[in-house]
Amino acid sequence: YEFTNELRFVQPILNLGDITIANLKTSFAGDVASPYSSPDELALALKYSGINTLVYANSNAANIDKSMLQRTQQILGSMDIVSTGAFTGNVQRNGNCPLIVYRKGFRIAILNYAILANRSAVSNDIVINAADKNNIERDIRAARMQNADFIITYFDWGSNMQDIPSYSQQNLARWCFEQGVGLVVGTHPNTVQPMEFIEYYYHAQPQTGLAVYSLGNLISGSNDLRNCNGIILDMELKKNNFTGKVSLGDYGFIPIWNYYDTTSVKGKSNLFALPSAAVQNGDVFKNIPYIEQRRAANSAFEIRKALGTHSDEIQYNVSDHVVNNVDET
């Protein structure tokens, strides 16, 4: 197996990040017949793409057993990819939650939780972080005790094809901010949802938090048009070296379109995650069919309508030449 195509057009973007986080909706259990497992070569492709941190509290982890989770963690460890959200037991969870990532003088705490309506009995012997306020509050307190500069909570929540966040999701996001979280991010609905500024008080001081309720799909397992879009959230953190306070700097979103190519190789389907703006401008994949180019443009237009009031779109200079250079590197 080889997975060099799927992420090669977004590699130049993902590799720019000091911390690049993704939600892993599969496992590396060594059983390619299982619908909940992928070949190990996908882990290598994730590493090359620039992804260095994975969250794993999701519906897929609820369908694997302890041995499958252990092997997944071993494969990710061999790729130097850290993960959080699902654990082989409470001992592992206590030693690895919250996940603290050190970069350029920043201590970033990453917390990951899932809202699981149904959970298979096969996963009863593993620990999956549940989006319970008692769990979250305890983990936030632990992150503060470890002197985390900034706390990110990443949720797997909502329902499939849900267009807007629910009232309970908005309340949970606000509550997280009131406990000291700096950013709330979510996935699961398989479509992009609006982001929102939330006004709240922390230590009696008025604050504003950014909640990004659903990023959609970076790689989609379905060629349904509504499943083929997503965004990369690009964010900068700033630290005041006198007070030690960390705050959000510049941020924006990058629309992504999943193109199922059935024409380049006869009888074979290849999947490419493409930056929508680069496709729209004709900078990448110049031989893409016109209908797919329009679909990518229409998807980006809908995303801009949903997110444009709270964020700017970022368009990196991604071209076929840049992609090829990154591939060679």
Side-chain angles (χ1 to χ4, degrees), residues 1-8 10-11 14 20-93 95-97 99 112-130 154 156-157 160 187-190 216-224 227-228 230 258 260-262 265 267-273:
Y1 299 93
E2 59 94 15
F3 295 89
T4 56
N5 289 328
E6 283 78 0
L7 293 170
R8 69 185 299 264
V10 292
Q11 274 180 196
L14 296 177
T20 304
I21 308 171
N23 188 12
L24 182 67
K25 298 285 280 194
T26 185
S27 68
F28 303 107
D31 179 11
V32 294
S34 169
Y36 306 108
S37 178
S38 295
D40 297 346
E41 288 84 353
L42 177 60
L44 183 63
L46 297 178
K47 176 64 176 179
Y48 281 140
S49 76
I51 294 171
N52 50 36
T53 308
L54 291 171
V55 293
Y56 203 38
N58 55 50
S59 55
N60 186 87
N63 287 283
I64 65 174
D65 60 25
K66 180 182 285 189
S67 63
M68 297 170 77
L69 177 59
Q70 286 175 327
R71 191 178 187 282
T72 300
Q73 292 175 339
Q74 289 170 359
I75 294 298
L76 294 178
S78 69
M79 302 294 173
D80 197 27
I81 299 176
V82 296
S83 64
T84 187
F87 310 93
T88 56
N90 283 315
V91 173
Q92 188 186 67
R93 185 190 190 281
N96 295 277
C97 187
L99 173 65
N112 175 220
Y113 306 93
I115 298 176
L116 299 174
N118 299 300
R119 180 172 173 178
S120 172
V122 72
S123 65
N124 285 344
D125 57 349
I126 67 175
V127 176
I128 301 174
N129 282 348
Y154 197 125
D156 188 79
W157 58 5
N160 192 32
T187 46
H188 178 75
N190 295 309
N217 292 323
L218 179 62
I219 297 179
S220 172
S222 167
N223 58 3
D224 182 279
N227 282 329
C228 286
N258 278 221
Y260 276 81
D261 178 19
T262 58
V265 181
K268 186 176 180 181
S269 176
N270 286 315
L271 171 61
F272 299 90

S.K.: Output the distance between atom CG (L44) and atom NZ (K47), rounded to the nearest 0.5 Å.
M.R.: 10.0 Å
S.K.: Quick one: does any side-chain atom of D261 pair with a main-chain N or O of N270 as donor and acceptor, under 3.5 Å?
M.R.: no
S.K.: Would you name the heavy atoms of S220 and N258 that are closest together and state the gap between them?
M.R.: N-OD1, 2.6 Å
S.K.: Hey, what do you get for CG (L14) to CG (L46), rounding to the nearest 0.5 Å?
M.R.: 10.0 Å
S.K.: So which atom in N58 and which in V55 form the shortest heavy-atom distance, rounded to 0.1 Å?
M.R.: ND2-O, 4.1 Å
S.K.: As an exercise, state the distance from CZ of F3 to CG of L42, rounded to the nearest 0.5 Å.
M.R.: 5.5 Å
S.K.: A side-chain contact here means heavy atoms from C-beta on lying under 4.5 Å apart; do S38 and Y1 qualify?
M.R.: no
S.K.: Indicate yes or no for a side-chain donor-acceptor contact from D65 to the backbone of V122 under 3.5 Å, with no hydrogens or angles considered.
M.R.: no
S.K.: Less than 4.5 Å apart, side chain to side chain, heavy atoms only: is that true for T88 and Q73?
M.R.: yes
S.K.: Do you know which two heavy atoms are closest between A62 and S123, and how far apart they sit?
M.R.: O-OG, 2.9 Å
S.K.: Specify the closest pair of heavy atoms between A273 and L218, including all atoms of both residues, with the distance to one decimal.
M.R.: CB-O, 3.5 Å
S.K.: Just by distance, with hydrogens left out, do N190 and N160 show a side-chain donor and acceptor under 3.5 Å apart?
M.R.: yes
S.K.: What I'd like to find out is whether the side chain of D80 reaches to under 4.5 Å of the side chain of N52, using heavy atoms alone.
M.R.: no
S.K.: Under 6.0 Å from the OH atom of Y48, do we count more than 12 heavy atoms belonging to anything else shown?
M.R.: no
S.K.: Nearest 0.5 Å, what's the SG-CG distance between C228 and L271?
M.R.: 8.0 Å
S.K.: Assess whether side-chain contact (heavy atoms from CB on, under 4.5 Å) is satisfied between H188 and I115, documenting all intermediate values.
M.R.: CA-CA 10 Å; H188 178 75; I115 298 176; over 6 Å; no
S.K.: Quick check: does any side chain N or O of Y56 sit under 3.5 Å from a backbone N or O of K25, one acting as donor and the other as acceptor?
M.R.: no
S.K.: Ignoring hydrogens and angles, tell me if any N or O in the side chain of T72 forms a donor-acceptor pair with the backbone of F28 under 3.5 Å.
M.R.: yes
S.K.: With rounding to the nearest 0.5 angstrom, report the CG to OG1 distance, L54 to T20.
M.R.: 10.5 Å
S.K.: Measure the spacing between CD1 of I64 and CD of Q70 and express it to the nearest 0.5 Å.
M.R.: 10.0 Å
S.K.: Any side-chain heavy-atom pair from L24 and S83 closer than 4.5 angstrom?
M.R.: no
S.K.: What are the two closest heavy atoms between L7 and A45, and how far apart are they?
M.R.: CD1-O, 4.5 Å
S.K.: Do other residues, nucleotides or ligands put more than 12 heavy atoms under 6.0 Å from F272 CZ?
M.R.: yes
S.K.: Does a side-chain N-to-carboxylate-O contact under 4.0 Å join D31 and R71?
M.R.: no
S.K.: For a 4.5 angstrom cut-off between non-hydrogen side-chain atoms, does N60 reach S27?
M.R.: yes
S.K.: Counting only heavy atoms from other residues, nucleotides and ligands, does the tally under 6.0 Å from CG of N118 exceed 12?
M.R.: no
S.K.: Which heavy-atom pair separates A43 from I75 by the least distance, and what is that distance?
M.R.: CB-CG2, 3.7 Å
S.K.: Do N23 and D156 have side-chain atoms, one donor and one acceptor, less than 3.5 Å apart?
M.R.: yes
S.K.: Are T84 and N96 close enough, and set up right, to give a side-chain contact (heavy atoms from CB on, under 4.5 Å), and what steps lead you there?
M.R.: CA-CA 7 Å; T84 187; N96 295 277; over 6 Å; no
